[in-house]
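For reference, the structure is listed below as structure tokens.
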Amino acid sequence: MISRRKFLKKSSEAGVALAATGAGFGAMLCEPSNRCAAGEAEVPEAGRRVQQSFEIRCDSARADTRQENPAPTTNGDEERYGDKRANFAKTLPHDELGEVKLDSYAAWISILASGDPGQFEHVPRDPLAVAKLNDPQATYAFDMVGIDSHATHLPPPPAFASAEMAVEMAELYWLALTADVPFQNYEASPLITAALSDLNAFSCPLGSSPAGKIPSGTLFRGETVGDLIGPYISQFLWLDIPYGIKTIDQRYRFPRRNQHFLTDFAAWLACQRGAQSAAKLQFDSPPRYICSNREIVEYVHQDFSFQAYVNAALIMLRLGGEAFSPTNPYRGSKTQFGDITFGNKNVLSLVAQASLLGQKGAYYHKWLVHRRLRPECFGGRIEVHLSGRKSYDIHPEILHCDGIARVKATHGSWLLPGAYPEGCPTHPSYPAAHASNAGACATILKAFFNEDYPLPDPVEATADGTDLVPWKGEPLTLGNEINKLAGNIALARDAAGVHYRSDSINGLFVGEEQALGLLCDYSRTYNERFDGFILSTFRGEKVRILNGELKPV
């Protein structure tokens, strides 16, 4: 299989050679001047247009080949453990401890390494398997714009036996225990206080918690400045959505409280084997707004990949011209407005395109590099270890923390309670696809809209989710609420028990990287004079994208 970089290099060399021979169409495309040799006719307008298009595409391809693409680094777990305890293997044959059969895992890795599409119909399957693997061949797909999925950067995830893994798992147990606590009641909830105390007792800080401790009021939140300002939930998950001639309010039918799944070992084992669950979610009849993790967990159970970001774009498009980026070339125009370029059609289509790129980036790292086990599987390792059936090198801090003891007392096992009857999706954990989507789509929104624009009439949901009331606190800006939306969607998958914090936070950066590449490519294509896309990254750095180049501001 030829790499994209080698293919582009060969294509470029072939184009130069063709131009040198003066051969037909290729010669016309590669000719730098609009005039031929003396005595020959001028290249027609159509030919100039074709040449311009070709040169834009070549410039983009050359820029892509100049990017450094170091080999990815793993955490070493797959090589470290002969029993593959730390790797994803759902739907493959499993033994009675919930460990994958080693010959089946080896066969699967061989298929992945080959990339042969015919071999994917021969993936080993557990006799109980009904579920199918989620699109592993997406990892080999190419794109004509943006950064190639295999060129995105991602640090290795925490190792199986590490203190980082221990605190990430502890957060997930507490997310399950507190799933029904309304966000508005966090400050007064004894359960939230207990979670804060327990997580702060770990030797390793959770995420980027300052000074190694989680401050009160930031528990379970994302890690940008915007995540920490205002209500826990982004305005874009509460405000009415303009949808053509209709307006959609964001009250939905959500699951009833106190539902948890896969807390019985037999059900858990069947799930790892890919069996169909007999359990079903039960729903409340009256719709409500998102007011606790119970609701947002179901939102990210049923959403399509770029749904929340299209909704956010539609909300912002109704705010008027001042909500657009200050660099939008139509903001001061007296004769024109942006539509296909720099307007609604442009932003909506790029949100969807960025989402696809983000997914492909996530799937490359999931299937071909890290193959990290899902949290529900790690919970199974804890159950087997603490019940004395097999000893694993699990960090002792997770085994003796308050959160796991409370789960055992409540559910009768040390398994991680899940929000979904079917458990996790059938693809590896790292990075989270929802997070990569979020990072990509949020980056597009920040490029097109004014991050400093204050949202008029902000709201928050009541504790029971029946109504929205005015938000009386500090102003909420578009940029902060876009970042918060990305964090809400990404971390909601943690609250569901299907991802770890590092899956979600690092997934945001993978999506962001690909969206920045997409914006670089499109910044070459406009006729308008504009000062480039200017936006803040998730790390808080201000960047400008103009004529295919990304530079700090």
Side-chain angles (χ1 to χ4, degrees), residues 1 74 77-79 81-141 160 261-281 301 359-360 362-381 383-384 389-390 392 415-416 418-433 493 496-499 503:
M1 182 181 296
T74 71
D77 279 347
E78 191 169 45
E79 297 75 28
Y81 299 117
D83 57 13
K84 306 307 174 188
R85 67 184 63 174
N87 293 106
F88 177 87
K90 197 166 187 174
T91 77
L92 272 62
H94 283 66
D95 65 19
E96 293 304 309
L97 293 179
E99 291 182 359
V100 65
K101 300 288 185 67
L102 295 181
D103 57 343
S104 297
Y105 191 82
W108 171 226
I109 296 304
S110 177
I111 291 169
L112 280 174
S114 75
D116 181 354
Q119 292 300 310
F120 282 84
E121 291 304 311
H122 303 292
V123 176
R125 286 174 62 77
D126 193 278
L128 295 180
V130 174
K132 300 178 182 180
L133 293 175
N134 188 321
D135 202 3
Q137 292 193 68
T139 189
Y140 311 101
F160 181 87
F261 302 94
L262 304 182
T263 58
D264 171 76
F265 191 81
W268 173 88
L269 180 57
C271 182
Q272 307 319 300
R273 289 170 164 167
Q276 186 169 356
S277 174
K280 303 291 182 185
L281 273 169
H301 193 199
Q359 291 266 106
K360 288 180 180 178
Y363 274 46
Y364 159 65
H365 291 285
K366 283 173 178 289
W367 286 116
L368 288 191
V369 182
H370 299 290
R371 294 185 281 270
R372 187 187 194 185
L373 82 168
R374 291 276 182 162
E376 72 185 37
C377 190
F378 198 105
R381 305 290 185 252
E383 169 71 17
V384 168
R389 300 175 68 186
K390 181 176 179 176
Y392 294 110
L415 294 165
L416 176 67
Y420 307 145
E422 74 279 11
C424 71
T426 51
H427 50 92
S429 200
Y430 189 72
R493 298 291 281 180
V498 302
H499 277 294
D503 293 346

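For reference, positions follow the sequence shown, starting with 1.
With Lys90 contributing its side chain and Thr426 its backbone, the two residues share no donor-acceptor pair below 3.5 Å. Looking only at distances, a side-chain donor or acceptor of Gln272 sits under 3.5 Å from a matching main-chain atom of Trp268. Under a 3.5 Å cut-off, the side chain of Thr139 and the backbone N or O of Pro136 do not form any donor-acceptor pair.
When all heavy atoms of Ser429 and Pro375 are compared, the closest pair comes out as OG-CD, 3.9 Å. Between Leu373 and Arg85, the shortest heavy-atom contact is CD1-O, 3.3 Å. Nearest heavy atom pair, residue Asp95 against residue Leu97, reads OD1-N, 2.9 Å. The two residues Ala362 and Pro431 have their closest heavy-atom pair at O-CD, 3.7 Å. Considering all non-hydrogen atoms of both residues, Pro421 and Ala279 come closest at CB-O, 3.4 Å. The two residues Cys271 and Glu376 make their nearest non-hydrogen contact at SG-OE2, 3.5 Å.
Side-chain contact check for Arg493 versus Asp503: every heavy-atom pair is 4.5 Å or farther apart. Thr74 places a side-chain heavy atom less than 4.5 Å from the side chain of Val369. The closest side-chain heavy-atom distance from Leu368 to Tyr140 is below 4.5 Å. At a threshold of 4.5 Å between non-hydrogen side-chain atoms, the residues Val384 and Phe265 count as touching.
Residues Phe378 and Phe160 place their aromatic rings such that the two centres sit under 6.0 Å apart.
A salt bridge links Lys390 with Asp83: the distance from a Lys NZ or Arg NE/NH1/NH2 to an Asp or Glu carboxylate oxygen falls below 4.0 Å.
One distance of note links NE2 of His365 with NE2 of His370; it measures 6.0 Å at 0.5 Å rounding. The distance from the CZ atom of Arg273 to the OG1 atom of Thr91 is 12.5 Å, given to the nearest 0.5 Å. The structure places SG of Cys424 at 8.5 Å from NE2 of His499, a figure rounded to the nearest 0.5 Å. The CG atom of Leu112 sits 5.0 Å away from the CZ atom of Phe120 when rounded to the nearest 0.5 Å. In this structure, CG on Asp77 lies 10.0 Å from NZ on Lys84, to the nearest 0.5 angstrom. Expressed to the nearest 0.5 Å, how far CG of Leu415 lies from SG of Cys377 amounts to 10.5 Å.
Pairs passing the side-chain hydrogen bond (donor to acceptor under 3.5 Å, both in side chains) check and including a residue from residues 127-138, sequence neighbours excluded, read Asn134-Tyr363.
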Q: Check the pair Leu281 / His301 against side chain to side chain contact (heavy atoms under 4.5 Å, CB included), numbers first and verdict last.
A: CA-CA 11 Å; Leu281 273 169; His301 193 199; 4.0 Å; yes
Q: Could you walk me through whether Glu78 and Tyr105 pass side-chain hydrogen bond (donor to acceptor under 3.5 Å, both in side chains), step by step?
A: CA-CA 11 Å; Glu78 191 169 45; Tyr105 191 82; 2.4 Å; yes
Q | Chi angles and distances behind the side chain to side chain contact (heavy atoms under 4.5 Å, CB included) call for Phe88, Arg374 | A | CA-CA 7 Å; Phe88 177 87; Arg374 291 276 182 162; 3.9 Å; yes
Q: Dump the intermediate steps for side chain to side chain contact (heavy atoms under 4.5 Å, CB included) on Glu99 and Arg381, then the final yes or no.
A: CA-CA 9 Å; Glu99 291 182 359; Arg381 305 290 185 252; 4.2 Å; yes
Q: Go through Leu133 and His427 one step at a time and tell me if the side chain to side chain contact (heavy atoms under 4.5 Å, CB included) criterion holds.
A: CA-CA 6 Å; Leu133 293 175; His427 50 92; over 6 Å; no
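Remark: Glu121 CD is loosely packed, at most 12 non-hydrogen atoms of other residues, nucleotides or ligands lying under 6.0 Å away.
Scored by the side-chain hydrogen bond (donor to acceptor under 3.5 Å, both in side chains) test, Glu383 finds no partners at all (sequence neighbours excluded).
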